[in-house]
Novice: 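Can you keep this structure in mind? I'll have questions shortly.
One-based numbering along the sequence shown. The basis for the numbers below is simple: all heavy atoms, side chains too, and nothing from hydrogens, waters or symmetry mates. Each ligand, and each atom within it, is numbered from 1 in the order the structure gives.
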Amino acid sequence: MFQNAYLERVYSDVLKNHPHQVEFHQTVLEVFQSIEKIIPTLPHFEDQGILERLVEPERVILFRVPWVDDAGRVQVNRGYRVQFNSAIGPYKGGLRFDSSVNLSIMKFLAFEQTFKNALTGLPMGGGKGGSDFSSAGKSEGEIMRFCQSFMSELYRHIGPDTDVPAGDLGVGAREIGYLYGYYRKLTNEFTGTFTGKRISFGGSLARTEATGFGICYFAEAMLKRQGGTSLKGKRVLVSGTGNVGTYAIQKAIELGAHVVGINDINHTIHDEEGIDIKTVLSIRSNRQDLGDYGLKHPQATITSNPKDLWKIKCDVAIPCATQNELGIDDAKILVSNGLMALIEGANMPTTLEATHYFQEKGILFSPGKASNAGGVATSGLEMSQNSIRESWTFEAVDQKLQTIMLKIYDACYEASVKVGEPGNLVVGANIAGFLKVYDAMLHQGII
Ligand code: GLU
C-alpha cells in the first residue's frame, strides 16, 4: 500500500487492531497517502511514534442511554463520545443522532475533525459523538427524555475548556436546547460548553448558516484561483437538505448560481427554473416532506430515488448529505455530463475510488475537511463570544467566516504547491492540517 515502511506498518496495524471499521480505515488511508509525500521532511517522526499516537483516540466513552417511550416501554440506545486529539485545543466536534451511528463512523468523524479544526486556525482539538437514536418519528417528549438521559452521562466528560460538542446529522437547535438545558441543570453552571445554541442562550448569529455559506465561500476561492471563474451562472446540484445543504443552496443562489437539483433521503427534485429557496426553507422549518416542493412548483420533476440527482447535467456538484453518498458510478455520470468542480459539503461524501476518478479527469475537487470547516470555525467564534460574554452581529461573524474560508483555501493550495501537486486540495488539506497537529504533538512530550 505504501512505499514507506513506517506508514505501511502503522496502517496494517490499524486494519488489524480496529477490525471491520471500514469508514475509519478509509479516512486514515486518505490522510496517510498525503502524509507519505512529506515524510522525508519530518524530524523525529518515527522515533516519537507520531503515527501510532495519531491513529489512537485519546479517549473513547461508550455508554448506555436508557429512556422511556410514550407507550411506557423502556428503550436503550448506545451513546458515544470519541475524544480523538487535544494537542491544539479542547476536543471540539458535533454529536450525530442517526440509526447508522457506530464506533467506526464516530472514529472516522473524530479523526477527520482533528485536521479540519486545525485548518480553521482556531485552537480546537478533534472529537465527535452521538448515538444510534433517530429523532424521526419520535414525539417531542421522547426526544427530550432521550437527550436528558444522554446528557446524564456525557456531562461529566465535557466542559468549556475540555470538550465542546455541537450538532451534526440529526442534532439541530431543538436537540441542542434539550442537551444544553440538562447539562446546565446538572452542573449548575452557565458556560459555553455547547455551540450551535439558540441566540437567546448564548448562540452565535450566523452559526446556523455557517457550514453552507462557508462551502460557497470556499468554492468561490477555488473556482477563481484554479478555474478563473465563479459560481455565477453555473448549473449546480446540492445533495442533502439538512442544515448544511439548505444554506449551501441559499448562498449559491445569492452568488448567482443556477441550482437545478437537490435531494433528500427519499426524493430528487429537478427544477430547471432554479430551486426556490423560500419553499425549501419553509418545508424545513415546518418539518414537511421535501416532496411537497411539487405542490408549489408543478414544473419540477420529482422522483423517489436520491441517486437520480447525479444524473442531472451540471457544472458544479456539492454533496452535503453523508459519508460515501457519491460512488464511482455517480462520478462517471457527472463527468460525462461535463462536471467542472466537486465541492464536498458533508464529511467524506465521496468514496476514495470516486475521488481518484475526479482527480484523474482533471475535475476541481475540494475535500470536506476544508470546504465544510466553516461550521466548526463559527463554533470557534461562538466559543470566543461566550468566553468574553459578548455577542457579535451577523455581519461581523459572516465577515470573519469569509476571511477564515479564504485562509483555509490558501493554506490548502500552498501545501499542494509545496509537494509539487498544485491544486490537489485533498493532499493540501491533509498536509496543512496534519503539520499543525504534528508540531503540537512533537513539542508536548509523549502523552
Ligand atoms: N458537525 C460539524 C462538523 O462536522 C460541526 C461541528 C462543530 O461545530 O463543533 O464539522
Side-chain angles (χ1 to χ4, degrees), residues 23 27 80-86 88-98 101 105-131 154 158-173 175-176 179-180 192-198 202-215 218 240 242-248 319-323 325 344-349 366-386 397 400-401 404-405 408 429 433:
E23 291 85 3
T27 185
Y80 302 85
R81 186 71 183 166
V82 178
Q83 299 181 329
F84 218 109
N85 193 305
S86 59
I88 66 166
Y91 308 106
K92 180 84 196 85
L95 295 174
R96 174 175 293 195
F97 290 171
D98 189 69
V101 162
I105 290 181
M106 293 285 98
K107 280 165 64 181
F108 125 64
L109 289 165
F111 186 74
E112 179 105 342
Q113 197 83 41
T114 302
F115 304 103
K116 183 197 305 196
N117 294 0
L119 283 172
T120 66
L122 300 171
M124 301 183 289
K128 201 88 182 193
S131 176
L154 188 68
I158 60 178
D161 297 314
T162 309
D163 185 352
V164 183
D168 194 78
L169 212 132
V171 179
E175 288 77 13
I176 290 175
L179 291 162
Y180 183 71
T193 299
F194 255 87
T195 61
K197 301 183 291 297
R198 281 181 74 84
S204 172
L205 287 162
R207 174 62 189 89
T208 309
E209 296 82 355
T211 315
F213 281 18
I215 289 164
F218 190 97
N243 184 253
V244 180
T246 302
Y247 295 101
C320 298
T322 193
Q323 67 275 353
E325 61 170 294
E344 290 191 335
N347 295 312
M348 206 171 74
S366 145
K369 64 169 75 72
S371 36
N372 80 17
V376 75
T378 307
S379 280
L381 302 177
E382 183 173 333
M383 288 164 74
S384 302
Q385 293 170 75
N386 292 163
V397 177
K400 285 185 203 290
L401 170 65
I404 291 171
M405 295 315 293
I408 295 175

Novice: Under the rule for ring-ring contact (aromatic ring centres under 6.0 Å, His included), what residues qualify as partners of F108, not counting sequence neighbours?
Specialist: none

Novice: I want to check something: taking the side chain as every heavy atom from C-beta on, are N372 and K116 in contact at a cut-off of under 4.5 Å?
Specialist: yes

Novice: Looking only at protein heavy atoms, which one is nearest to atom 8 (O) of ligand 1, and what is the separation?
Specialist: S379 OG, 2.5 Å

Novice: Can you report which non-hydrogen protein atom sits closest to atom 6 (C) of ligand 1, along with the distance?
Specialist: G94 N, 3.6 Å

Novice: Below 4.0 Å from any atom of ligand 1, is there a heavy atom belonging to K128?
Specialist: yes

Novice: Just going by heavy-atom distances, which of K92, K369, K116 is nearest to atom 9 (O) of ligand 1?
Specialist: K92

Novice: Mind checking whether Q113 has a heavy atom under 4.0 Å from ligand 1?
Specialist: yes

Novice: When you look for heavy atoms under 4.0 Å from ligand 1, do you find them on the side chain of N347, its backbone, both, or neither?
Specialist: side chain

Novice: Quick check on contacts: which atoms of ligand 1 are under 4.0 angstrom from a heavy atom of G93?
Specialist: 9 (O)

Novice: Looking only at protein heavy atoms, which one is nearest to atom 1 (N) of ligand 1, and what is the separation?
Specialist: D168 OD1, 2.8 Å

Novice: State which residues pass side chain to side chain donor-acceptor pair (under 3.5 Å) with S371; sequence neighbours excluded, sorted by chain then number.
Specialist: S366

Novice: Any heavy atom of A373 sitting closer than 4.0 Å to ligand 1?
Specialist: no

Novice: Any side-chain heavy atom of P160 within less than 4.5 Å of one from T193?
Specialist: yes

Novice: Can you tell me which portion of R207 lies within the under-4.0 Å heavy-atom range of ligand 1? Options are side chain, backbone, both, or neither.
Specialist: side chain

Novice: Please confirm whether G167 comes within less than 3.5 Å of ligand 1 when only nitrogen or oxygen atoms on both sides are compared.
Specialist: yes

